*Asks:* 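Please read through the structure below; I'll follow up with questions.
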Amino acid sequence: VSAATAAGSGPNATVNATTLVAVPTGGVTFTQNSSSTIQTSNSSVFLAWSAPAVGQQNGDLTQYVVTYFYNDARLSPAVGGNGTVNVTAAASATAGANVTIAGLMPYVRYTFVVVPVTGAGLGTVAQSMQVLTSPSLPDGAPATAEFVSSSASCGSSGPNNCTAAMVVRFSNPANSSQNGPISGFNLTYAVVESQGNRPLSVSEAPRFMVVPFAYANVYEAQITDLYPYLNYKVSVAFVNSVGGGPTTDVVARTAEAPPTGAPRSLVTNSTYYTISVAWDSPDVTLENGVIVRYVVQLTEQPTMVYESNGGNGTIRPPVVFSAVTLDGSSRALNFTTDILPSTNYSIKIRAGTQAGNGPEAETFVFTKANAPLQPIVPSLQGGLSSSRATLRWGRINTVSGEITRVQVIVDPPGSPFFNLVPNCTNGVKDALEYAVDCGGVCPPCGPDVAVDPIVFGNYTNQSVSYVAYELFSPPNATYDVDVPIGDGSISRSGFINQPLAAGTPYTFRLRAFTGTALALSAISAPSQSQSTAASSGGGGGGAA
């Protein structure tokens with residue numbers, strides 16, 4: 001400041017003064033070209049900027065206030081949401097500043113606002129930039145996972161020719177735990193041994209299934225090519241661009257299917273009029289469920305029989321018995337009605353679950369050959385000579401079994417069988433005459449009482465009866481054939497066809513056998529007695 005007169009100005013007086021500090025009127029400039037060049041991690045962001053223009057700083061900058069926040073409808077307030085950081089300004093008016101902000105959430109778009117500060121306060125210009133943090137593995141599992149349904153079917157493919165499917169339902173994890181761009185879901189599933197599961201040795205590596213993201217809150221997935229009636233553990237994991245997160249698990253059992261295995265170890269036993277069968281359940285790996293029933297089918301196979309003496313042979317047609325259904329705990333059955341001796345039967349057994357019946361196991365059983373019905377009475381062909389006779393007979397009844405042997409028995413006077421009236425108290429079994437009949441119209445075999453033993457050669461007791469002729473199978477191929485009696489021949493078993501005595505009355509019996517080692521014979525009815533002719537020194541005999 002100087003004073004002046006008309007003649008001029010005087011010396012200056014100088015004083016220095018500074019204006020008051022004001023708030024900055026200029027904003028910072030981010031040194032990153034764009035948000036894509038800002039250094040980020042899945043939990044932090046590094047920001048750098050330059051100071052406002054000097055002319056807009058309006059005083060010495062003391063700090064920068066950095067405010068950050070997100071506005072994402074997916075997220076609820078959480079740690080790493082909003083915040084403020086104060087960054088000290090550099091001493092140089094032209095120097096910038098930087099800061100690393102940590103504790104952020106992965107894959108969230110944040111807005112960062114930087115405001116310069118002087119002693120007068122916050123500046124009037126706020127510069128902002130949006131930055132997306134890097135993704136990371138999901139840290140949350142699907143909120144829910146549950147079993148919905150299962151089905152099974154059998155065909156030419158699939159485990160053990162049967163396959164099951166399972167439907168599971170699951171939901172997204174919490175938004176705040178997704179941590180990255182959604183890819184979908186990984187489902188891992190495998191057989192597990194758990195309470196209530198039927199024991200089964202299934203050795204297979206866990207299998208995988210991918211369910212793509214579909215902008216839905218709830219998903220359903222069908223898993224196929226599974227074993228029926230097994231417990232499976234299904235683990236569902238959410239997957240983003242980095243990878244999969246923790247799982248939510250569900251354990252459920254697949255549906256039952258019909259068994260693919262048949263009952264095993266069939267064991268049969270039979271008598272003349274009964275059949276029994278026992279079995280084991282199918283292989284447990286082929287049951288495909290709980291065995292609730294067994295279906296047993298008995299069938300009488302076609303059998304050749306001669307059901308009337310002298311009649312033609314016929315094939316008895318197969319007889320299919322009504323199927324018997326037993327509960328799953330039963331593994332044995334007896335048949336006692338309408339069973340015939342010396343007959344071939346087939347037995348077919350199926351196991352069943354609630355889903356249906358499986359394949360059949362089949363076995364065959366041949367009932368014991370019972371004693372044949374009473375054979376026909378042999379007839380004399382012509383009269384008797386003094387030492388020989390000729391006999392003939394018709395077809396022998398084979399309803400009780402195939403005839404394996406016939407014998408012609410000669411009964412002289414004095415034999416207890418001479419003129420015997422046949423009844424149900426005599427028969428032959430195991431080469432012994434028995435006081436019991438094991439077939440025909442007589443009652444079933446009772447206690448055996450030996451009457452007349454047969455040994456090699458002939459009858460040997462006091463009966464004086466003897467076997468004169470013996471023919472082994474098949475006798476029905478040689479019916480109506482003349483058989484000589486008394487010709488002195490010896491049979492394969494050693495029986496001697498000894499000459500008849502002259503002038504002696506005889507009766508002749510035809511005895512038929514079924515079976516082999518344990519041969520059975522029905523009662524044998526004698527022919528009407530006739531006497532042989534007298535020797536050259538005597539007269540002939542007539543009918544007695």
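Quantities reported herein were computed from a predicted structural model and do not represent experimental measurements.
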*Asks:* Would you say the side-chain atoms of Glu256 pair up with the backbone N or O of Val290, donor to acceptor, closer than 3.5 Å?
*Replies:* yes

*Asks:* Distance from Asp327 atom CG to Thr325 atom OG1, nearest 0.5 Å?
*Replies:* 10.5 Å

*Asks:* Taking atom CG of Leu226 and atom OG of Ser151, what is their separation to the nearest 0.5 Å?
*Replies:* 9.5 Å

*Asks:* Measure across Val192 and Tyr232 and return the closest heavy-atom pair with its distance rounded to 0.1 Å.
*Replies:* CG2-C, 4.2 Å

*Asks:* Go through Val296 and Phe335 one step at a time and tell me if the side chain to side chain contact (heavy atoms under 4.5 Å, CB included) criterion holds.
*Replies:* CA-CA 11 Å; Val296 184; Phe335 294 95; 3.9 Å; yes

*Asks:* Rounded to the nearest 0.5 Å, what's the gap from CZ on Arg350 to CZ on Arg293? Could you check?
*Replies:* 11.5 Å

*Asks:* Which pairs pass ring-ring contact (aromatic ring centres under 6.0 Å, His included) with one or both residues in residues 278-299, sequence neighbours excluded?
*Replies:* Trp279-Tyr294

*Asks:* Grab the two heavy atoms, one from Gln301 and one from Ser346, that are nearest each other, plus how far apart they are.
*Replies:* NE2-OG, 3.1 Å

*Asks:* For Ile291 versus Ala351, what's the shortest heavy-atom pair and its separation?
*Replies:* CD1-CB, 4.0 Å

*Asks:* Using a distance-only test with no angle check, is there a side-chain donor-acceptor pair under 3.5 angstrom linking Asp139 and Asn179?
*Replies:* yes

*Asks:* Spell out, as yes or no, whether a donor-acceptor pair under 3.5 Å connects the side chain of Gln39 to the backbone of Val45.
*Replies:* no

*Asks:* Which heavy atom in Ser134 sits nearest to a heavy atom in Thr40, and how many Å separate them?
*Replies:* OG-OG1, 3.2 Å

*Asks:* Are Phe366 and Phe364, when compared by the centres of their aromatic rings, separated by less than 6.0 Å?
*Replies:* no

*Asks:* With rounding to the nearest 0.5 Å, note down the distance linking CD in Glu287 to OG1 in Thr260.
*Replies:* 9.5 Å

*Asks:* Heavy atoms only: give me the nearest Ala361-Pro263 pair and the separation to one decimal.
*Replies:* CB-O, 3.3 Å

*Asks:* The test is side chain to side chain contact (heavy atoms under 4.5 Å, CB included); show your working for Val66 and Thr84 and say whether it passes.
*Replies:* CA-CA 6 Å; Val66 182; Thr84 299; over 6 Å; no

*Asks:* Show the nearest heavy-atom pair for residues Thr274 and Thr367, with the distance to one decimal.
*Replies:* O-CG2, 4.4 Å

*Asks:* Salt bridge check: are Asp249 and Lys233 linked by an N-O gap of less than 4.0 Å?
*Replies:* yes

*Asks:* Decide whether a cation-pi geometry holds between Arg169 and Tyr219; the criteria are a distance under 6.0 Å from NZ or CZ to the six-membered ring centre and an angle within 45° of the ring axis.
*Replies:* no

*Asks:* Take Asn58 and Thr25 through the test side-chain hydrogen bond (donor to acceptor under 3.5 Å, both in side chains) and record every step on the way to the result.
*Replies:* CA-CA 7 Å; Asn58 299 336; Thr25 55; 3.2 Å; yes

*Asks:* Test Leu298 against Ile339 for side chain to side chain contact (heavy atoms under 4.5 Å, CB included), laying out the working first.
*Replies:* CA-CA 10 Å; Leu298 179 69; Ile339 303 299; 3.8 Å; yes

*Asks:* Working note: Val131 + Arg109, criterion side chain to side chain contact (heavy atoms under 4.5 Å, CB included); need CA distance, chi angles, decisive distance, verdict.
*Replies:* CA-CA 5 Å; Val131 180; Arg109 189 172 299 280; over 6 Å; no

*Asks:* State the OG1-CG distance between Thr31 and Leu47, to the nearest 0.5 angstrom.
*Replies:* 9.0 Å

*Asks:* Ignoring hydrogens and angles, state whether a donor on the side chain of Asn334 or Thr336 is under 3.5 Å from an acceptor on the partner side chain.
*Replies:* no

*Asks:* Any donor-acceptor pair under 3.5 Å linking the side chain of Asn175 with the backbone of Gln178?
*Replies:* no

*Asks:* Parallel, tilted or perpendicular for Trp49 and Tyr64, by the 30°/60° rule?
*Replies:* perpendicular

*Asks:* For Tyr110 and Phe69, I'd like to know if the aromatic rings sit close, meaning centre-to-centre distance below 6.0 Å.
*Replies:* no

*Asks:* Knowing that exactly one of Thr268, Val277, Val319, Leu340 qualifies, which makes a side-chain contact (heavy atoms from CB on, under 4.5 Å) with Tyr345?
*Replies:* Leu340

*Asks:* When rounded to the nearest 0.5 angstrom, what distance separates OG1 in Thr111 from OH in Tyr70?
*Replies:* 12.0 Å

*Asks:* Can you tell which of Phe170, Phe208, Phe213 makes a ring-ring contact (aromatic ring centres under 6.0 Å, His included) with Phe185?
*Replies:* Phe170

